[in-house]
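A short write-up of the structure that comes next.
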Amino acid sequence: MEHRSDAVFAKPSIFRDGIREYAERSSSPVSAELAEIAEETARATPEWADISTTAVQATFLQMLISTAGMRRVLEVGTFTGHGTVAMAAALPDDGEILTIDSYVADKRTQDVASKAFERSSHGHKIKPVLDDALSALQEVEGDFDLIFLDADKPNYISYFETILARRLLRPRGLLVIDNTLWGGEVLNPRDLPPAEEASTGQEWVERMFANWAHDVVKFNRHIAADPRVRTAVLTVQDGMTLVQLAS
Ligand SMILES: C[S@@+](CC[C@H](N)C(=O)[O-])C[C@H]1O[C@@H](n2cnc3c(N)ncnc32)[C@H](O)[C@@H]1O
């Protein structure tokens, strides 16, 4: 999805101009149902459309799932369901994907996801969990072949620790974490004081997201130093980290 000038949140790209679009054009097109979710996301919540997984990411996740014959997936952060439906399509007919979202920020995105799950021929594999991610992670039962972590960045370390403590990831399974390069801001996180109460919602959101660079840096440092896991930070889209339990 393109960065939009009117988006509330337009993170810089980690690539030089046009490369991201070139990669999209040079990759296989996604299914009609994924294209439709992307269109509905842009229509229903144009100011948030940037935070959806892209077509290349969707295909990448599908390839991970199908290559390894994965059957059980957990997604933390559903949003409008683009990644959920993509991953569901790559699962066998009796596979399942649990997807967690609290939708505190924007109920319109829940509506897009619910409709997408209803009309998808892969909808029977999708189990939405409407809850705060930290409490849901205490409840769900492992083990999962793939966990896609894509929610609020200040909680990334807690999500990671809960996943390991509760053994939610099976041995040789994959934990995939999105946005781990945070638009390149990880190299130079800014310090913006929280916006004044009187400021616009847009300013508040922009400051909050800018400050998330610090959380992403802390998280990257945390897992890089953890001997329990092996980690590869990929320069896919906004940074996608692959984590496996160390054997
Ligand atoms: C980046 S979007 C997820 C994108 C999605 N995975 C995709 O493929 O398009 C992040 C989502 O995480 C959700 N979220 C943020 N913090 C959360 C929390 N503490 N608990 C549950 N969901 C949360 C937001 O509501 C939002 O829909």
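As the structure lists them, so they are numbered: ligands from 1, and atoms in each ligand from 1. None of these values were measured; they are calculated from a predicted model. Note that the numbering runs from 1 along the sequence shown for the chain.
The protein non-hydrogen atom at the shortest distance from atom 23 (C) of ligand 1 is Ser102 OG, 3.8 Å. Looking from atom 26 (C) of ligand 1 to the surrounding protein, the closest heavy atom is Asp101 OD2, 3.4 Å. Among all non-hydrogen protein atoms, the one lying nearest atom 20 (N) of ligand 1 is Ala133 N, 2.8 Å. Given atom 10 (C) of ligand 1, the protein heavy atom at minimum distance is Asp150 O, 3.1 Å. Atom 1 (C) of ligand 1 has its closest protein heavy atom at Ile51 O, 3.3 Å. Given atom 19 (N) of ligand 1, the protein heavy atom at minimum distance is Asp132 OD1, 3.0 Å.
A salt bridge links Arg119 with Glu36: the distance from a Lys NZ or Arg NE/NH1/NH2 to an Asp or Glu carboxylate oxygen falls below 4.0 Å. A salt bridge does not link Glu141 with Arg72: none of the charged nitrogens is closer than 4.0 Å to a carboxylate oxygen. Ion pairing between Asp145 and Arg170 holds under the 4.0 Å rule for side-chain N and carboxylate O. Between Asp111 and Lys115 a salt bridge is recorded (basic side-chain N to carboxylate O distance below 4.0 Å). At a threshold of 4.0 Å, the pair Arg71-Asp94 counts as salt-bridged, since one of the basic side-chain nitrogens sits closer than that to a carboxylate oxygen.
By the 4.0 Å heavy-atom criterion, Asp131 is counted among the residues contacting ligand 1. Using 4.0 Å as the threshold, Thr109 has no heavy atom nearer than that to any atom of ligand 1. The closest approach between Trp48 and ligand 1 stays at or above 4.0 Å for every heavy atom of the residue.
Listed by atom number, the atoms of ligand 1 under 4.0 Å from Ser52 heavy atoms are 9 (O). Near Tyr159, the atoms of ligand 1 lying under 4.0 angstrom from a non-hydrogen atom of the residue are 18 (C), 19 (N).
Residues Asp238 and Gln57 bring no donor and acceptor atom of their side chains to less than 3.5 Å of each other. Side-chain N/O atoms of Trp48 and Asp106 include a donor and acceptor closer than 3.5 Å. With no hydrogens or angles considered, no side-chain donor-acceptor pair links Asp93 and His122 at under 3.5 Å. With hydrogens and angles left out, the side-chain atoms of His222 and Glu161 include a donor and acceptor closer than 3.5 Å.
In terms of polar-atom proximity, defined here as any N/O pair under 3.5 Å, Phe148 makes no such contact with ligand 1. Not one N or O of Lys153 is nearer than 3.5 Å to an N or O of ligand 1, by distance alone.
Within the set Thr53, Asp152, Val76, Leu134, the minimum heavy-atom distance to atom 7 (C) of ligand 1 is found for Thr53. When Ala136, Gly83, Gly77, Ala151 are ranked by how near their heavy atoms come to atom 6 (N) of ligand 1, first place goes to Gly77.
For Arg108, the CZ atom is densely surrounded, since the number of other residues' heavy atoms within 6.0 Å is greater than 12.
Looking at Glu75 against ligand 1, only its side chain comes within 4.0 Å, counting heavy atoms.
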